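In what follows, chains are A, B, ... by sequence order, proteins preceding strands, each numbered from 1. Small disclaimer: the values here were computed from a predicted structure and weren't measured.
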Amino acid sequence: MSKEKFDYFINGKKSKYEVIIGLEVHAQVLSNSKLFSSSSTKFGGDPNDQVSLIDSAFPGMLPVINEECIKQAVRTGLGLNAKINNYSVFDRKNYFYADLPQGYQISQYKNPIVGEGKVLLDMPYGTKEITIERLHLEQDAGKSIHDIDPSNTYVDLNRSGIALMEIVSKPDLRSPEEVNAYIKKLRTIMRYLGTCDGNMQEGSLRADVNISVRKIGDKKFGTRCEIKNVNSIKFMQMAIEYEASRQVELLDQGKEINQETRLFDTKKNQTRSMRSKEDAHDYRYFPDPDLLPLKLDQKLIDDLKKSLPELPDKKKERFIKDYGLSLYEANVLVSEKEISDYYEEVAKLSDKKLAATWMIGDLFAMLNDKGVSISDSPISTKNFADLIQSIKSGVISGRIGKDVFEIMVESGDNPKKIIESKGMKQQSDPKKLEMMITEILSKNKDIVEQYKAGKEKLFGFFVGEVMKVSSGKANPQLVNEILKKLLKS
Amino acid sequence: MSEITNKSLKEIVENIKSKEISSLDLTQAYIKNIEGAKKLNAFVTTTFDQALENAKKFDSKPNYEQTLPGIPLAVKDLFCTENTKTTAGSNILNNFIPSYESTVTKNLWDNGAFLLGKLNCDEFAMGSSNETSFFGNVINPVGDKLVPGGSSGGSSSALAADLTPATIGTDTGGSIRQPASFTGTVGLKPTYGLCSRWGIVAFASSLDQAGPMTKTVTDCAIMLEAMSGFDEKDSTSINKKKESYSKNLKDNVKGLKIGIPKEYRVENMPKDIDELWEKGKKILKDLGAQLIDISLPHTKYALPTYYIVAPAEASSNLARYDGVRYGYRSKKDKDLIEMYEQTRSEGFGDEVKRRILIGTYVLSSGYYDAYYLKAQKVRKLIKKDFDDNFTKVDAILTPSTPSSAFKIGEKTNDPVSMYLNDIFTVPVNLAGLPALSLPAGLDKKGYPLGLQLIGNTLDEQKILNVGYAFEKNCGFKNQIKKWWS
């Protein structure tokens with residue numbers, strides 16, 4: 001397989017730079033209730049409708065760990081091939097902000113629940129391994145709403161206290177494309193695991209992006225800037241491109257880069273300074289005395305490991321090895337849990353390879369066209385499998401298959417029924433075909449002469465005529481054979 | 001005729017059970033006492049109407065099976081009480097009415113008691129004299145210029161002045177034992193985790209513990225069994241079976257080994273305290289206990305350790321008081337930042353601000369290792385001192401405080417001298433152990449003094465038993481004249 005070469009570099013005036021990127025992804029844990037209270041985590045409720053006395057930090061209220069959130073973090077850690085720490089500690093991160101009622105966020109600082117892990121990315125230039133430094137659990141803050149009233153800010157605490165997993169990567173990423181692949185991979189893994197819905201519009205997945213640049217060949221990392229809270233892959237990529245160029249420009253001018261926190265302005269497509277290192281918060285972390293250290297039983301971890309679903313990397317290998325799919329096909333079909341689920345249903349009932357071809361081709365094109373997700377596909381897995389089998393067994397040709405597919409999309413009907421009622425079955429009787437072809441040849445003697453004189457391109461003309469006469473139902477393979485035989489004589 | 005309110009809780013419960021007195025009469029007797037004791041300033045809030053209501057309800061349908069049948073109780077104003085103002089002695093909560101009931105008070109009500117009122121205390125339980133309360137200092141019934149101790153000063157004062165048959169306080173560094181000692185009453189700080197912290201306004205979460213304050217050791221046992229118990233809403237609560245401390249109370253200390261730690265004989269300790277300690281040793285020895293000299297070498301580091309750990313936690317615990325969701329809000333609210341700053345500036349008193357500043361400082365980057373982290377290490381050593389000795393002894397006997405009650409205003413301008421008052425009590429909080437303060441005698445001025453019995457983790461029964469035997473043989477009698485009414 002020919003591989004492309006990695007080529008994301010920024011050209012400065014004098015030198016060429018590579019871009020170093022590390023991500024802190026905040027993934028909202030899928031759980032019914034919050035990390036330390038029993039309030040609902042549902043998205044879209046009325047403001048302050050899902051707030052307990054704990055979430056709003058009333059006097060004397062105490063946090064109690066939600067076991068399900070712990071399990072979700074462990075599952076995610078296992079899905080990232082990471083070390084699960086049997087001992088972890090919840091700390092208080094102290095800072096004062098209107099949407100942080102306690103005046104501190106309960107997070108994990110020195111002892112996170114998940115240690116080092118790794119994620120594999122399939123890039124055009126080969127597989128790239130990204131090291132995960134850690135994953136820790138923390139509370140989300142509330143939300144300040146500035147646009148309801150011109151002179152007041154409103155605070156909605158529905159989100160306050162919802163469990164987040166902060167997944168910190170090493171600075172292993174080198175381009176916006178790798179960031180794209182990385183986020184998508186994380187998202188896919190967590191959706192397979194059912195630990196995060198990955199819904200970026202609702203803020204279930206967002207990231208802080210750390211960027212620095214260095215001259216090619218340099219060993220030392222440059223000074224980095226952190227771009228806070230970017231909530232779409234597109235914005236992350238745009239922010240990286242802008243920020244990397246900005247840094248290269250500064251270095252070109254012989255200036256230094258200030259270590260700082262920046263914001264990405266989605267309207268101007270620019271990053272701007274939020275606070276410098278000197279103004280950085282002193283969070284005064286210390287172990288939360290309201291919570292005992294979290295000690296995980298190895299058995300719980302082992303049991304969770306055993307109950308994990310098959311993850312995309314494993315599934316991909318199986319698709320290639322057992323189903324004979326290409327790397328490309330396998331990658332596409334495992335990219336989303338719903339897609340792989342659909343494919344597996346179809347593959348169970350029909351030819352695996354043909355099903356993959358038809359899914360990636362016609363089915364995806366149709367879904368794309370209609371703007372619907374695979375979970376809302378107008379074609380059921382059973383019907384789709386029947387279509388694949390009708391083609392594979394020769395009941396209809398691939399050509400006719402496309403017509404049947406169209407009708408299936410419109411009607412939602414089973415393909416067998418469509419083929420039957422519309423008489424779309426393939427004509428595969430050699431005698432009948434030979435009769436049909438003999439007649440066509442006798443009607444077009446002059447063209448037969450030309451063909452025999454060496455104009456072999458005219459073969460297609462005869463095929464076309466046969467299809468015309470048979471309304472496309474003639475078995476193309478048989479037509480080819482018979483035509484060749486008759487034209488030779 | 002001896003007044004009902006002079007009696008111990010145990011006697012009152014017996015009188016209720018034998019129908020010698022109704023809950024209503026009892027409640028009215030206390031209300032009368034409280035109304036006549038305004039000078040003491042022990043109450044922040046009274047709930048007389050509600051109490052009378054509850055008393056009548058009890059009398060009409062009495063349940064004598066309960067531990068505290070029809071007993072009115074006043075509690076420290078640090079416990080959140082549903083629909084009753086809860087101030088923590090602070091301006092910042094001066095209008096706060098919780099919609100919930102603390103687990104400990106709920107346990108009391110579930111055992112038949114009901115609320116008589118909320119007792120004054122040092123602001124956020126930060127103080128040793130009840131002089132830091134926004135609602136003014138409390139006076140010790142022992143003498144009209146004397147502090148009642150702190151932070152549970154309203155509790156000790158009300159108890160000693162017969163304004164409540166028993167009460168509860170909280171003890172972060174001595175806040176139950178020191179005021180008990182200053183008023184000639186019994187105070188117990190239970191093992192950390194024995195009583196739920198849920199619904200108690202937090203001061204320093206790893207040290208705070210609620211406990212009973214009573215006239216007798218038996219009363220203390222009764223109150224402890226009523227208020228303690230596992231609570232799934234408090235992650236630091238100990239999950240164990242409830243015990244019947246009062247039923248199991250025994251006055252036999254024969255053969256028990258009592259540790260006498262040399263480190264508790266501090267410089268400039270008044271002779272009275274030393275003599276009292278000797279007296280206590282003699283009583284226990286005469287009862288057949290064996291005295292053993294022990295060493296708790298890290299004791300001298302306990303106070304500085306405490307004054308790092310407690311303010312650190314407090315600085316974080318008190319961040320939530322911002323004037324937004326509940327409590328006091330400054331009228332100076334030009335913008336959000338001004339509102340926050342003014343609210344906290346006007347809402348908190350000096351001592352609270354001092355501790356927030358200390359706590360913020362010791363947790364700051366660059367100072368964390370030198371202060372907070374080191375304090376945590378020393379805390380472990382202090383705990384280890386106790387662990388090592390509890391393999392050899394059953395309980396440890398020390399003085400409760402280095403002095404008797406001092407004069408109002410005497411130490412207000414000298415925080416360090418005020419902090420030194422906790423010197424014998426804080427090691428116990430740092431180690432999470434139970435300790436009982438027992439009235440043991442009077443000093444030359446006629447002010448009460450207390451001795452402290454420290455037990456191993458969850459050894460409440462053992463120290464109550466020693467205390468019970470001690471009480472029977474000590475002959476202490478509080479001689480409080482009702483000068484205030």
Side-chain angles (χ1 to χ4, degrees), chain A residues 35-38 48 51-67 70 89-106 109-110 142 144 146 151-155 157 160 277 280-295, chain B residues 78-80 86-88 90 92-93 96 98-103 124 193 196-202 204-208 231-237 309 312-313 315-322 324-327 335-337 340 344 359-368 372-373 376:
Chain A
L35 183 51
F36 298 113
S37 80
S38 54
N48 297 312
V51 184
S52 73
L53 295 164
I54 297 170
D55 310 322
S56 48
F58 269 66
M61 291 300 103
L62 299 171
V64 176
I65 295 175
N66 176 348
E67 209 179 304
I70 301 297
V89 176
F90 284 99
D91 297 280
R92 290 187 185 178
K93 180 180 180 178
N94 294 283
Y95 66 97
F96 204 79
Y97 202 70
D99 55 24
L100 189 73
Q102 291 170 141
Y104 54 83
Q105 176 194 35
I106 305 178
Y109 185 49
K110 282 187 186 152
S144 295
H146 305 286
S151 53
N152 288 304
T153 292
Y154 287 80
V155 174
L157 296 179
S160 166
K277 194 185 173 191
H281 287 301
D282 180 353
Y283 290 119
R284 290 174 279 120
Y285 282 101
F286 73 104
D288 191 331
D290 286 333
L291 294 162
L292 299 171
L294 180 64
K295 289 170 187 161
Chain B
L78 211 65
F79 295 88
C80 288
T86 299
T87 68
S90 180
I92 211 152
L93 285 176
F96 174 57
S99 60
Y100 47 94
E101 186 76 36
S102 84
T103 300
F124 284 98
S196 170
R197 290 184 298 113
W198 194 88
I200 303 174
V201 177
S205 313
S206 75
L207 302 160
D208 294 347
D231 181 6
E232 59 180 20
K233 291 187 285 187
D234 175 358
S235 308
T236 60
S237 173
V309 174
E313 293 181 12
S315 71
S316 175
N317 281 336
L318 269 58
R320 64 188 57 199
Y321 303 104
D322 57 6
V324 174
R325 297 169 309 286
Y326 48 79
D335 58 39
L336 185 67
I337 297 298
Y340 283 150
R344 288 172 68 82
T360 306
Y361 177 78
V362 299
L363 287 174
S364 300
S365 76
Y367 301 99
Y368 181 88
Y372 185 79
L373 202 61
Q376 289 299 349

Residues that B/E232 engages under side chain to side chain contact (heavy atoms under 4.5 Å, CB included), provided they are two or more places apart: B/F230
To the nearest 0.5 Å, what is the distance between OG (B/S315) and CZ (A/R92)? 9.0 Å
Largest heavy-atom contact set with chain B, pairs under 4.5 Å, which of A/L53, A/L291, A/T153: A/L53
Spatial distance of atom CG (B/N317) from atom CG (A/D290) [nearest 0.5 Å]: 6.5 Å
Inspect the surroundings of OH in A/Y109 and state if more than 12 heavy atoms from other residues, nucleotides or ligands are less than 6.0 Å away. no
Taking atom CZ of B/R320 and atom OG of A/S56, what is their separation to the nearest 0.5 Å? 9.0 Å
Against chain A, label B/T360 side chain, backbone, both or neither, depending on which of its atoms sit under 4.5 Å from a heavy atom there. both
I want to check something: taking the side chain as every heavy atom from C-beta on, are B/T86 and A/P59 in contact at a cut-off of under 4.5 Å? no
Given that the side chain runs from C-beta out, which part of B/V201 has a heavy atom under 4.5 Å from chain A: side chain, backbone, both or neither? both
B/Q376 and A/F286, any side-chain heavy atoms less than 4.5 Å apart: no
Under 4.5 Å to a heavy atom of chain A? For B/A204 that would be neither
For the side chain of A/D282 and the backbone of B/S364, is there at least one donor-acceptor N/O pair under 3.5 Å apart? no
For B/L207, is it the side chain, the backbone, both or neither that has a heavy atom under 4.5 Å from a heavy atom of chain A? neither
Residue part contacting chain B, namely of A/Y283, when any heavy atom lies under 4.5 Å: neither
Identify the two heavy atoms, one from A/L62 and one from B/K233, that lie closest to each other, and give their separation to 0.1 Å. CB-O, 3.6 Å
Which one, A/P289, A/S151, A/P63, leads in non-hydrogen pairs under 4.5 Å with chain B? A/P289
Which portion of A/I54 sits near chain B, non-hydrogen atoms under 4.5 angstrom: neither
For residues 95-103 of chain A, please give each side-chain donor-acceptor pair under 3.5 Å, one per line with the distance, not counting sequence neighbours.
| residue | atom | partner | partner atom | Å |
| --- | --- | --- | --- | --- |
| A/D99 | OD2 | A/S144 | OG | 3.3 |
| A/Q102 | NE2 | A/Y104 | O | 3.0 |
| A/Q102 | NE2 | A/Q139 | OE1 | 3.0 |

Using the ring of each side chain (for Trp, its six-membered ring), is B/Y326 parallel, tilted or perpendicular to A/F58, with breaks at 30° and 60°? tilted
Of the listed B/Y367, B/Y321, B/Y372, the one with the largest count of heavy-atom pairs under 4.5 Å with chain A is B/Y372
With only heavy atoms counted, which part of B/L78 is less than 4.5 Å from chain A, the side chain, the backbone, both or neither? neither
Structural part of B/F79 lying under 4.5 Å from a heavy atom of chain A: neither
The reported gap from CG in A/L292 to OG in B/S237 (rounded to nearest 0.5 angstrom) is 10.0 Å
